[in-house]
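The structure under discussion appears below in the form of structure tokens.
Keep in mind the model is a prediction, meaning the values are calculated, not measured. Sequential numbering from 1 along the given sequence is applied to the chain's residues. Excluded from the calculations below are hydrogen atoms, water molecules and symmetry mates; all remaining heavy atoms, backbone and side chain alike, are included.
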Amino acid sequence: MGGGGQQTESSEPAKGDGVGPDGGRGGSAVYTWEEVQKHCHRSDKWLVIDRKVYNITQWAKRHPGGIRVISHFAGEDATDAFVAFHPDPNFVRKFLKPLLIGELATTEPSQDHGKNAVLVQDFQALRDRVEREGLLRARPLFFSLYLGHILLLEALALGLLWVWGTSWSLTLLCSLMLATSQSQAGWLQHDYGHLSVCKTSSWNHVLHKFVIGHLKGASANWWNHRHFQHHAKPNVFSKDPDVNSLHVFVLGDKQPVEYGIKKLKYMPYHHQHQYFFLIGPPLVIPVFFTIQIFQTMFSQRNWVDLAWAMTFYLRFFCCYYPFFGFFGSVALISFVRFLESHWFVWVTQMNHLPMEIDHERHQDWLTMQLSATCNIEQSTFNDWFSGHLNFQIEHHLFPTMPRHNYHLVAPLVRALCEKHGLPYQVKTLQKAIIDVVGSLKKSGDLWLDAYLHK
């Protein structure tokens, strides 16, 4: 085992430990960070939680959140991520026991990659305070009323046609109401998906499938495996699927230069801030996500999610076939998805796209999330319009926190950032939207310069 003068144990199983079926060795070995960091490959994965070293190589395939999100922390300290993603970490630790292979040597710091120990400890203290003050507990009435307003919009949209008919103006109004209900259902499924509503994970999972499946026609498992990666490593190439643009766009400051130097020109990237309006907001949900969702459900044989999604389409066609027929109903849902997609893309990208987008830099949890996220000013409209994701910083730091508590923890987060000199960005809604286009233009210009001159 490597580790300079801090070698304390061979990476082979200690005598008498006995290797468990999942790679555990009984937990008596001692390791340095140098040794842990060697185990970051597809066929060899270790990680550290609270100084305990775990071999997750085989178990990662059975990880409920998906193999990729846990694999992104292979060879690293995953303590803050582990606590952030699991509402009941003590319960989850029971499943970690067979994977335990040892712990860090006493001479090793608790943080890897030279992270600021004081900053990490201060954030963990903030996390403890959040738990003590009950900010991770949801108010059932809030989410009940929220679900109620979504169902009311659905009912009003249908009632509109029943009472007044299907003129062009009424059909447009119905479409706008359905797009609003779909967008708001998107924010609500996000709450259940993050286990931030119910006391038990099982109820969150069931209601998540109901909202994303029956109310939206999508897949809970597809969303979980995609979205948790985004939270684990936001704006990190090859780890955050939200910045995998499939060569359609170049993002951040480094990728454009890398593409330019390699003379890669899949698209005219210096015009991406213009063609974004044609293939970004209009097509993400009705084309890209729809294809990806059904492809994932069939390829993974996820028949439960498929059944939930089918109940949405069955309900939709039962409601609107009498008014528009089959092809008219297909046109209606397509138009609703088109409208919803604009709403979704602008809200989700204004918090992330103008921020730092880079390769893995092994930052601590607080620094990593702050570099990739920004907030939008609070107002009643902004809260409702964005599903409280205008508090993107607080959401990323505490993903299981119910959204109605973001504004309570925000001053505490801001104070911690000021103490450590970390940027805490808050923008107006208008500036945030403008910055999305500006960031795409900047990246496109960087690509063109590198493509022509480097």
Under 3.5 Å, is there a donor-acceptor pair between the side chain of Asn55 and the main chain of Leu99? no
Mind jotting down which residue pairs meet the side chain to side chain donor-acceptor pair (under 3.5 Å) criterion with at least one end in residues 129-138? Sequence neighbours excluded, please. Arg127-Glu131, Arg129-Glu133
Applying side-chain contact (heavy atoms from CB on, under 4.5 Å), run through Met368 and Asp80 and close with a yes or a no. CA-CA 11 Å; Met368 176 177 65; Asp80 285 332; over 6 Å; no
Heavy-atom side-chain contact between Tyr451 and His270 under 4.5 Å: no
Tell me if a side-chain donor or acceptor on Asn221 pairs with a main-chain N or O of Asn302 at a distance below 3.5 Å. no
Less than 3.5 Å apart, any donor N or O on the side chain of Asn405 or Glu394 sitting next to an acceptor on the other? no
Side chain to side chain donor-acceptor pair (under 3.5 Å) for Gln378 and Asn390? Distances and angles first, verdict last. CA-CA 7 Å; Gln378 183 187 21; Asn390 49 328; over 6 Å; no
Taking atom OG of Ser443 and atom CG of Leu251, what is their separation to the nearest 0.5 Å? 6.0 Å
Is there a donor-acceptor contact under 3.5 Å from the side chain of Trp346 to the main chain of Ala432? no
Report the residues that fulfil ring-ring contact (aromatic ring centres under 6.0 Å, His included) with His113, sequence neighbours left out, ordered by chain and then residue number. His362
Less than 4.5 Å apart, any side-chain heavy atom of Ser371 and any of Arg361? yes
Less than 3.5 Å apart, any donor N or O on the side chain of Asp358 or Asn235 sitting next to an acceptor on the other? no
Side-chain heavy atoms of Asp435 within contact of Lys427, under 4.5 Å: yes
Minimal non-hydrogen separation, Leu151 against Leu215, with atom names: CD2-CD2, 4.1 Å
Looking at His352 and Ala372, would you say the former's side chain and the latter's main chain have a donor-acceptor pair under 3.5 Å? yes
Chi angles and distances behind the side-chain contact (heavy atoms from CB on, under 4.5 Å) call for Leu161, Tyr320: CA-CA 9 Å; Leu161 303 181; Tyr320 293 99; 3.6 Å; yes
List the steps and the verdict of side-chain contact (heavy atoms from CB on, under 4.5 Å) for His149 and Trp384. CA-CA 11 Å; His149 106 285; Trp384 174 83; 3.2 Å; yes
Pair His63 + Trp59: ring centers closer than 6.0 Å: yes
Flag if over 12 foreign heavy atoms under 6.0 Å of NZ, Lys115: yes
Would you check if Phe277 and Val437 make a side-chain contact, meaning some heavy-atom pair closer than 4.5 Å? yes
Would you please test Met350 and Leu429 for side-chain contact (heavy atoms from CB on, under 4.5 Å) and show each step? CA-CA 8 Å; Met350 67 185 181; Leu429 181 63; 3.6 Å; yes
Does this structure show an ion pair linking Asp50 with Arg93, if we count only N-O contacts that are shorter than 4.0 Å? yes
Under a 4.5 Å cut-off applied to non-hydrogen side-chain atoms, are Lys254 and Glu356 in contact? no
Is the backbone N or O of Val197 less than 3.5 Å from a side-chain atom of Trp203, with the two atoms forming a donor-acceptor pair by type? no
Using the rule given for ring-ring contact (aromatic ring centres under 6.0 Å, His included), can you reason through Trp187 versus His388, listing the C-alpha separation, both sets of side-chain angles and the distance that settles it, and then say yes or no? CA-CA 8 Å; Trp187 308 143; His388 288 82; over 10 Å; no
State whether the number of non-hydrogen atoms from other residues, nucleotides or ligands found under 6.0 Å of Trp303 atom CH2 is greater than 12. yes
Can Lys233 be said to sit on top of Phe73's aromatic six-ring, NZ or CZ under 6.0 Å from centre and within 45° of the ring axis? yes
Pair Ser181-Glu154, side-chain donor/acceptor within less than 3.5 Å: yes
Does the ring center of His231 lie less than 6.0 Å from the ring center of His395? yes
Donor-acceptor pairs are to be reported for all side-chain atoms of residues 281-294 against protein atoms at under 3.5 Å, with residues two or more places apart or in another chain.
| unit_1 | atom_1 | unit_2 | atom_2 | d |
| --- | --- | --- | --- | --- |
| Thr290 | OG1 | Ile285 | O | 2.7 |
| Thr290 | OG1 | Pro286 | O | 3.4 |
| Gln292 | OE1 | Trp222 | NE1 | 2.8 |
| Gln292 | OE1 | Arg226 | NH1 | 3.3 |

Taking every heavy atom of Val336 against every heavy atom of Ser175, the minimum-distance pair comes out as CG2-O, 4.0 Å
Contact summary for Pro354 and Gln349, nearest pair of heavy atoms: CD-O, 3.4 Å
For Lys239, give me all partners under salt bridge (charged side-chain N to carboxylate O under 4.0 Å, His left out), at least two apart in sequence or on another chain. Glu76, Glu360
Looking at Tyr269 and His247, would you say the former's side chain and the latter's main chain have a donor-acceptor pair under 3.5 Å? yes
Heavy-atom pair with the smallest gap, counting every atom of Gly280 and Ser341: O-OG, 4.4 Å
Kindly say whether Gln182 contributes a backbone atom to a donor-acceptor pair with the side chain of Lys216 at under 3.5 angstrom? yes
Going through the distances and angles, do Phe249 and Tyr275 end up as a ring-ring contact (aromatic ring centres under 6.0 Å, His included)? CA-CA 10 Å; Phe249 301 100; Tyr275 66 71; 5.4 Å; yes
Counting distance only, does the side-chain N/O of Thr311 pair as donor-acceptor with the main-chain N or O of Trp308 below 3.5 Å? yes
Asp122: what forms a salt bridge (charged side-chain N to carboxylate O under 4.0 Å, His left out) with it, not counting sequence neighbours? Lys419
For the residue pair His39 and Tyr31, establish whether any side-chain heavy-atom pair is separated by less than 4.5 Å. no
Students often mix this up, so state it plainly: with edges at 30° and 60°, are the rings of Tyr146 and Phe142 parallel, tilted or perpendicular? parallel
Can you name the residues that form a side chain to side chain donor-acceptor pair (under 3.5 Å) with Arg68, not counting sequence neighbours? none
Out of Leu119, Leu366, Leu422, Leu370, which one pairs with Leu416 under the side-chain contact (heavy atoms from CB on, under 4.5 Å) rule? Leu366
Donor + acceptor pair across side chains of His194, His227 (<3.5 Å): yes
Measuring only between side-chain heavy atoms, which start at C-beta, is Ile212 closer than 4.5 Å to Tyr192? no
What's the shortest heavy-atom distance between Val347 and Phe385, and which atoms? CG2-CE2, 3.5 Å
Taking the side chain from Asn204 and the backbone from Cys198, do they hold a donor-acceptor pair closer than 3.5 Å? yes
For His396 against Pro234, the heavy-atom pair lying closest together: CE1-CB, 3.9 Å
Okay, side chain of Asn375, backbone of Ile393: is any donor-acceptor separation there less than 3.5 Å? yes
State, without any angle test, whether Thr79 and Asp77 hold a side-chain donor-acceptor pair at a distance under 3.5 Å. yes
For Phe210 and His214, I'd like to know if the aromatic rings sit close, meaning centre-to-centre distance below 6.0 Å. yes
When you compare the side chain of Ser329 with that of Ile333, does any pair of heavy atoms fall below 4.5 Å? no
Does Phe398 have its ring centroid less than 6.0 Å away from the ring centroid of Phe123? yes
